[in-house]
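The sequence lines fix the lettering, A, B, ..., with proteins before strands; numbering per chain opens at 1. Side-chain atoms are counted along with the backbone in the values below, which use heavy atoms only and exclude waters and symmetry mates.
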Amino acid sequence: MEAEVDKLELMFQKADSDLDYIQCRLEYEIKTNYPASTGKKNPVTLLKELSAIKSRYQTLHVRFKSVAVEQKETKTRICAILNNTVTMIQELQKQTDLEMSPLSKEEEIAAEQLK
Amino acid sequence: TLKDDVSVLVDKACVTSRENSGFMKAAKVLME
Amino acid sequence: SSELEQLCSLINKKIGNIEKTLSLRNCGQEPILKNTLNKIGEDIIVVNELLNQLELEIEYQEQTNSSLKELFATLEEDYKDVEHLK
């Protein structure tokens, strides 16, 4: 049984290296046959560059999403603490009978914007 | 296509940046 | 059996790559394919430029996140002061 497994393993290894050889040989053939004189990139290079930009896009997309989530959380926390602070100041003003200074136009717009 | 997807993300990021600067300004007004 | 499956999928992936590369073999000769290839080459340049722009935007957003966090920390201090007053 052991011998059979070893034999199978060797077969897989040979298939693997044969496939690598075929791939390299094919790529070499395309690169040498493709008229480099055109100044354009050969198909194999383009294929590699295509997969490179796809994975770069995926990486950036994940980064973009995590930045957006973090930003939303922080903005929500800022709104919450601002509201609490304004509410508490208004309570203080009531308690101390201080003249309630109304929000200025600019502050009203800002409060509206944060909502 | 990939080109369109990337363009959409870039546009989205630009819009978010504008929103953020407005948000920061408003928060600072209220803070003062 | 999972190792065997992994081995098989690796072999299949390599066979797939070879098939893809084989299909590219005549690209250099046929004019239509050549044009398509050149178009892809140009698009790759454009997409790379866009990805550079996107990366800059993301870096800017990450800096904005830091500023927002600093702003939150300042507001938190203010809140504690008002709470202390109260």
pair A:Leu82-C:Leu75: side-chain heavy atoms closer than 4.5 Å: yes

Winner by heavy-atom pair count (cut-off under 4.5 Å) against chain A, out of C:Asp78, C:Leu85, C:Thr64, C:Asn52: C:Asn52

Heavy-atom side-chain proximity of A:Asp6 to A:Leu10 below 4.5 angstrom: no

C:Glu42 versus chain A, the contacting section by heavy-atom distance below 4.5 Å: side chain

Toward chain A, the part of C:Leu10 with a non-hydrogen atom under 4.5 Å: side chain

A:Leu60: partners by side chain to side chain contact (heavy atoms under 4.5 Å, CB included), with sequence neighbours left out: A:Arg56, A:Arg63, C:Leu51, C:Leu54, C:Glu55, C:Ile58

Engaged part of C:Glu57 at the chain A interface, taking heavy atoms whose separation is under 4.5 Å: neither

Reported CD1-to-NZ distance for the pair C:Ile32 and C:Lys34, which is rounded to 0.5 angstrom: 12.5 Å

Steps toward side chain to side chain donor-acceptor pair (under 3.5 Å) verdict (A:Gln95, A:Glu91): CA-CA 6 Å; A:Gln95 278 172 8; A:Glu91 279 168 17; 5.3 Å; no

Heavy-atom pair count under 4.5 Å with chain C, highest-scoring of A:Val67, A:Leu47, A:Asp20: A:Val67

CD-CG distance between A:Glu29 and C:Leu22, expressed to the nearest 0.5 angstrom: 8.5 Å

Under 4.5 Å from any heavy atom of chain C - which part of A:Ile78: both

Options A:Val44, A:Leu50, A:Val86, ranked by heavy-atom pairs under 4.5 Å with chain C, top entry: A:Leu50

Structural part of C:Ile45 lying under 4.5 Å from a heavy atom of chain A: neither

Among the listed options A:Thr96, A:Ile22, A:Asn84, the residue most often paired with chain C at heavy-atom distances under 4.5 Å: A:Asn84

Residue part contacting chain A, namely of C:Val47, when any heavy atom lies under 4.5 Å: side chain

Spacing of C:Glu77 atom CD and C:Thr74 atom OG1 [to the nearest 0.5 Å]: 8.0 Å

